[in-house]
Each structure stands twice: as C-alpha cells, then as structure tokens.
2 protein chains.
Amino acid sequence: MPLKPSARAAKVQPFIVMDFFREANALAAAGHDVVHMSAGQPAGGPPRKVVEAARAALDGAYMGYTDSLGLMSLRERIAAHYDAAYGVSVNPANIAITTGSSASFVIGFTACFDQGDQVGLTMPGYPAYRNIFEALGIRVKDIAVDARSRWAPTHAQIEQACDEGLNGLLLASPANPTGTMLSPDALADVAATCAKRDVWFISDEIYHGLNYEMPQACALSTNRQAIVINSFSKYYCMTGWRIGWMIVPEVLRRTVECLSQSLYISAPTLSQYAAIAAFDATEELEERKAGYRANRDFLLKELPGLGMGNLSPADGAFYLYADVGNLTNDSYAFARQMLNEAHVAATPGADFDTQRGNRFIRLSFAGSMQDMEKAVERLAKWLPKQG
Amino acid sequence: MPLKPSARAAKVQPFIVMDFFREANALAAAGHDVVHMSAGQPAGGPPRKVVEAARAALDGAYMGYTDSLGLMSLRERIAAHYDAAYGVSVNPANIAITTGSSASFVIGFTACFDQGDQVGLTMPGYPAYRNIFEALGIRVKDIAVDARSRWAPTHAQIEQACDEGLNGLLLASPANPTGTMLSPDALADVAATCAKRDVWFISDEIYHGLNYEMPQACALSTNRQAIVINSFSKYYCMTGWRIGWMIVPEVLRRTVECLSQSLYISAPTLSQYAAIAAFDATEELEERKAGYRANRDFLLKELPGLGMGNLSPADGAFYLYADVGNLTNDSYAFARQMLNEAHVAATPGADFDTQRGNRFIRLSFAGSMQDMEKAVERLAKWLPKQG
C-alpha cells in the first residue's frame, strides 16, 4: 500500500490567509503591484530601535541557543510591562519566550489538553487554533458569534458551553477576524466563569496595544490560572522575527519548559535581543497605531459606498470582517477573483468560519494609507456599481 | 478539581541537555568559568558571511512573514546544494524551510503518523524524537544499539522491527549521541528496506558535513519517498537562528505546507536570508570542522587516561558517548557533580537511553581546543586517580 499522509494531518485544513499570501507574493514576484490585505502584518517593517538592537547584537553577541524558556532579561522586561500596562504582577519565571504566538499555542494546547478533550472557540475565529487542535486530536466546541452581540460570546453562551463539557476555552480580544473587543468587565466575567468551572482559560492577547475604542484588560487580573498568550508580531511589528510569549500558572511551568525543550529548543536568539528593544519603541509604535486607526476610519467611510456596508466594529486589531453576501455567495471565489483581477489580496471568510464564512471576507488594514486608498480605488472599479 | 497538565504532557520527559545547559548558564551568570560540553552547539558563533548577510538584510530588506514553506531563493539554493554534494536532484517545491530541524520533526511526524502508530528509533538516540512522539501520541519501538555494532542498527534489527509492525523508521547518521555513521551502503540498505516494506523512512541528516572517517550519503539516493531533515545549526553553526529544512515526497508536500501554515506560519525571515549565505562560507566552515576533528582526536587520546576509556567511535558529528560505568552507577548524579564541582557541563546518558543511560555521559566537542584542554585538566583533578 503506498505511503500517504496521516489521517489527522489530512484533516488539517489550509490556513487560507497563507495560501492567499503566497498567491499574492507570486503575483508581486511576477511584476504586479498587489495591495496586501490578506495577512495580518504591519507593512512598515520593524521599529527602528528593534533593527538597531539586532544590528548591535550582530556585533559579537552570543548567537547560540538560549535557555528553552528564553533570555531572562527579556522575561524580566515583559514582567515589567505587565506591571506598567495592567498593574498585574507576573513572575518572570512563569513567562515562556516562544517562537511567535504559534509556538505558544502548540505548547499551551499540548500542556493542557489530551486527545479527545474539548475546547471552546468562537466562530469566526483565528483558523490556526482549529488546525492545531486537529493535529493534536483535540475537539473543538464552536461558539457561534455574530453581529448581534458585536461578534463576542455572551455570558449565557459561555455558561452553556461549560455545561456541555469543556476542558478549556480560548478567546481573543481584540478578536480576529472581526477586531471586536470585550470590555474589561466582560472579559473578567469570562475569566471568572472559567475559573469557577475548572476550565482552562487561554486568553489570546496578541492584538493588545491595538485598541481604538475601549481600554484593554489582561485575563490575569481576574484569573491567576489563565494562560496568557502574546506576541511581538502585531503591535510591535515584528512578524517575521517569530517571537512571542506565554504566561503560565506555576502548575504548568515545568511542563511548558519540557515541551519547549523538545519541540522548539529555544526561540530565535537574535529576535530575543531585538524584542527587548521593542518596549522602548513606544513613540514609533504609537504612530503606527494612529495610522491603523486612520486606515480603519477611511475604510469604514469608503467601503459602504462600494457595497461592503456590513462591517465588523473593529474596536481593535487591524481587521475588518465584511459581509459580502450581497455581492457573492462564494466569498472564496470572490476573493480569488479580487486578487487576480483587482490585485487586492483579502482573505475569504471560510478561513475563520467553516459554516457562514462564504458570506464574508477579512480585510487587513495594517498597511499604509496609500495602500488603503489604492485598494478602495481598485475595488471601486472592480466591484459592480452600487445602484 | 484543580487544573493540572494533560496526561500526555506529563509523560513528556525533560530534554536533559537543556536542563544542564540552563544550569551551566546559571553558573556562568554567577561568575563561574564553565566549559560547555552539554549542548550540541559550535562555540565560535555563526560564520562571518552569515553575519554579513544578516546585517545587509537589516538595511531595509522585507522582514515580514514569508511563504510558509520559505523563501524560494533559499529553497533553490538548498536544491543546488543537493545536486553538488550528493548528485541528487531535488525540486525546490519539495523543500520546506522550517524553524530549525525541531519544526521539521514536529511537522514531519504529524504529517506521517497517527495516534497509536509505531516508529522505530535507535536507543541511544536524540531525546527530542521520543518526547515529540509522546506529545503526539505516537508509540516508539526501541532498537537497542551498542558498541558491538558500532552503535548502528543491523539489517536484521531493521527487518525484525518491520516484522513487528512499524509505520516509520527514524535514523540519524552521523548519530547523536555517539557520532557513529552508517556507511553509504548500510544507509542505502536501510532506506531500501523501508521502501520495500512501505515504512516511512525519516533520515535525520542534521550532522551532515561533519564526517571525519567516511563519505556521507543522502537517503534520497536510494529512497525517493524518504523524508530528509537537515538544519543550519550544526555544520553551518547557526543554532540560535532556528533554521532548518525538510525534503518531502510529493504526496506529503501540501500536507506539510498546511501544517507549517498553522503550526508555525513561517520560519524566521532574517535567518532565512542569512542561511543563503551559509552556503558561501565553506572555507570558514571547513576550518571549524578541522577544529572539531582536532578536538575529537585530543579527547580520544586524553580521556582514556582519566578512566573514560570506552568511547564511541565518533565518525562524525561532535559528540563522544563515554561509558563511565567504572566511575559511577548513576551518570545523572555524576554529570551534575561534574558540573557543580569541576564546572564541566556534559549530558547524562539517561537523556539518550532510558534503559542503559545510567552508565554513560555525552561530551560535545564543538567548542574550542582551549575548552577541550581546560576540560581535560579539570577532569584530571576532579576524577579519581587511575591506578
């Protein structure tokens, strides 16, 4: 019998963002001017201080493996950030530096869940969660959210999911693909519910720092057993550096260390040095954030006139989730056509919602204002004229 | 019931190398002069051309995510290397750039094996294999090797393991922790046996380039369905850059891409640029290799006089696996004492062999000759005098 992929791997769906990103890159390599609104990455490159720190490190700093949980200097810097940003005290020993938040997910999920365990996820949500769960044999309990609750799960939905048997709940605020945030009170309520019900609460805080409409809270403020995952990719603009972190309760510390040792060895060393400097780049990063906000406001103003009127509120992050049900009943084909004809790369909703995604696309507004203007101009030509 | 780690994570053993590495780092941070012979990493830092390429990239090159399978320029450069080094033709499309060989293992194992599948591993062997298998619910079939067959599995052992039911076989040549190599003919025999028996053959070629006694062969020369894993960490001296690659047959290509997308997104971008330059650093790298060889010869000459006479042959890589059964019956305690008292960090055999490891330690000779001399001097004082 010929060799073939494992059954579990065959079930892992593509991360469509990355498929469209690859196709957009291929078009760009072929000489086309593509507006990238598929992948969630800041277009402006890393902050100057990060680049300077990397350059300095290249002048002879140690470049070998680090301890599996990361450089203590970086872990201490992150702990200081929690104190300053949230008033939350975190022991640097409980901070694991990981190879992007991706590694935090793989390590965290493995540390908490066995094959057959069930974890609650909002739908729509970040596609890699589901795909990693599939690879690890963990079952997903979908918590369908929509515009009626501003794309956030309600208290009743969380309670019901717990009643039906949950080993964990994973939630992102600001959320992907909608940008929706839970208020600090709403987040505290979810965190406390999980604590009360003995359900692992994994709080994906990767879009923290990118909040436009309301204050942000850290899950640890309410639930000291929460697993908090964050990254230098989004607010700190360090996507390609593959550097993130995870805060874990003491009961998981050694487990997470052992998993990190064997699955990753350690996070990229140069990225660790550079990440320390990211905390000193606030001025530049706040300028970027102001740019995202301006992009968001521009799109919220312009897109409705193009027939994309049903947009998620985008309290934070840098995504709009657009209902394009009036333009197509197959948003995958729609997005592909948009890429190939208008050279505007977006992501079809199927990536985020396996049930209702065919009505939606996600637009990342992490690029420049010029990109946004170009996209709107092209879409105005490409989309059917509104009556 | 209080939350606790998953059962599978609780079964994942520490990667003892990394525990000793952390302890050695802590001693060094406390001001002690530690000779690092625990982790398998070149002490001299990355090659100059790699650093130059990284520095050049920092001057404005794109630093975002790459395609999940990596930069095509790097994949093409690796394909050219296979042509030049082995006379093996590889399609760049079938080369996945990964975050170190660690990611190749996680992705490759998930792509090939389901929960409950059984994979053959030599014992002793690289501990992370076993730990990743444990995390993924894959069973290990131990193939015990020892000095009598130069620490290599015999044809009969491979056949027997296949008879007993194997979904895959994973083999490293040069091997860790022994440095033993299979001759090209012996490797071809294993590769062909796997092909004949419809067993995935995963060839860990991470120590290729570091061969002192015999030519090296690539598994693809014999078995085009083999999965070949390699890295820029060892010969290319780029440990902390977390960059490696995997060559996969066409039947796995898309599966590996999908797993890479969700589990990793992409390998570190700066490391990818820098790795391209590693292929132009041959002169410097061959000097390093000559240094390892000199270190090996020095240790093979000096260690027997200290009571460490039973040493693995170390045809390649940069490890000696030393039988210290005449000095201790608990090599873990022995290695810890050696670290704390003599400030020489080695790795106890328990990391590589759960059955007989208590008789052995692994010594990495990837450091400088000065390190080797210092280690021998310290061990001469610390070890009981030989009669």
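All chains are named by letter (A, B, ...) in the order of the sequence lines, taking the proteins before the strands, and each is independently numbered beginning at 1. Note: hydrogens, waters and symmetry copies are ignored here, and every other heavy atom, side chains too, is used. The structure displayed is predicted, hence computed values, not measured ones.
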Calculate, to the nearest 0.5 Å, the distance between atoms CD and CZ belonging to A/Glu257 and B/Arg22 respectively.
-> 4.0 Å
Taking every heavy-atom pair that is under 4.5 Å apart, which of B/Arg242, B/Met238, B/Gln13 has the most such pairs with chain A?
-> B/Arg242
Part of A/Tyr129 lying under 4.5 Å from any heavy atom of chain B = neither
Chain A interface, residue from B/Ala267, B/Cys112, B/Ala39 that has the most non-hydrogen pairs under 4.5 Å = B/Cys112
Nearest-0.5 Å distance, CD1 of residue B/Ile265 to CZ of residue A/Phe15 | 5.5 Å
So which of B/Ser271, B/Ala135, B/Ala7, B/Ser233 has the largest heavy-atom pair count under 4.5 angstrom toward chain A?
-> B/Ala7
Calculate, to the nearest 0.5 Å, the distance between atoms OG1 and NZ belonging to B/Thr255 and A/Lys4 respectively.
-> 11.0 Å
What distance do B/Leu136 atom CG and A/Ser6 atom OG have between them, rounded to the nearest 0.5 Å?
-> 9.5 Å
How are the rings of B/Tyr264 and A/Tyr264 set to each other: parallel, tilted or perpendicular (split at 30° and 60°)?
-> tilted
Any donor-acceptor pair under 3.5 Å from B/Asn131 side chain to A/Ser262 backbone = no
Between chain B and each of A/Gln225, A/Met72, A/Glu134, A/Gln115, count heavy-atom pairs under 4.5 Å; write down the option with the most.
-> A/Gln115
To the nearest 0.5 Å, atom CZ of B/Phe113 lies from atom CZ of A/Arg8 at 10.0 Å
Chain A contacts, top residue of B/Ile107, B/Val256, B/Thr110 (heavy-atom pairs, under 4.5 Å) | B/Thr110
Compare all side-chain heavy atoms of B/Val251 with those of A/Leu3 and state whether any distance is below 4.5 angstrom.
-> no
In sequence, state the C-alpha distance, the side-chain angles, and the governing distance for A/Asp59 and B/Arg55, and then conclude on side chain to side chain contact (heavy atoms under 4.5 Å, CB included).
-> CA-CA 9 Å; A/Asp59 288 341; B/Arg55 202 176 275 129; 2.7 Å; yes
Chain B contact via A/Arg130 - which portion, at a heavy-atom distance below 4.5 Å | neither
Reported CD1-to-CG distance for the pair B/Ile132 and A/Leu263, which is rounded to 0.5 angstrom = 5.0 Å
Measure distances from B/Val199 to the heavy atoms of chain A and classify the residue's part below 4.5 Å as side chain, backbone, both or neither.
-> backbone
B/Arg224 atom CZ, over 12 foreign heavy atoms within 6.0 Å = yes
For A/Asn25, is it the side chain, the backbone, both, or neither that has a heavy atom closer than 4.5 Å to a heavy atom of chain B?
-> side chain
Heavy-atom pair with the smallest gap, counting every atom of A/Leu259 and B/Val12 = CD2-CG2, 3.9 Å
Heaviest contributor of heavy-atom pairs below 4.5 Å to chain A, chosen from B/Trp200, B/Phe105, B/Tyr126, is B/Trp200
If you take all heavy atoms of B/Pro14 and A/Cys258, which pair is closest and at what distance?
-> CA-SG, 3.6 Å
Which bit of A/Ser68 comes within less than 4.5 Å of chain B, counting heavy atoms only: side chain, backbone, both or neither?
-> both
4.5 Å side-chain heavy-atom contact, B/Leu270 and A/Trp241 | yes
Can B/Gln261 and A/Asp19 be counted as having a side-chain donor-acceptor contact under 3.5 angstrom?
-> yes
What heavy-atom pair brings B/Phe21 and A/Tyr65 nearest, and what distance separates the two atoms?
-> CZ-O, 3.3 Å
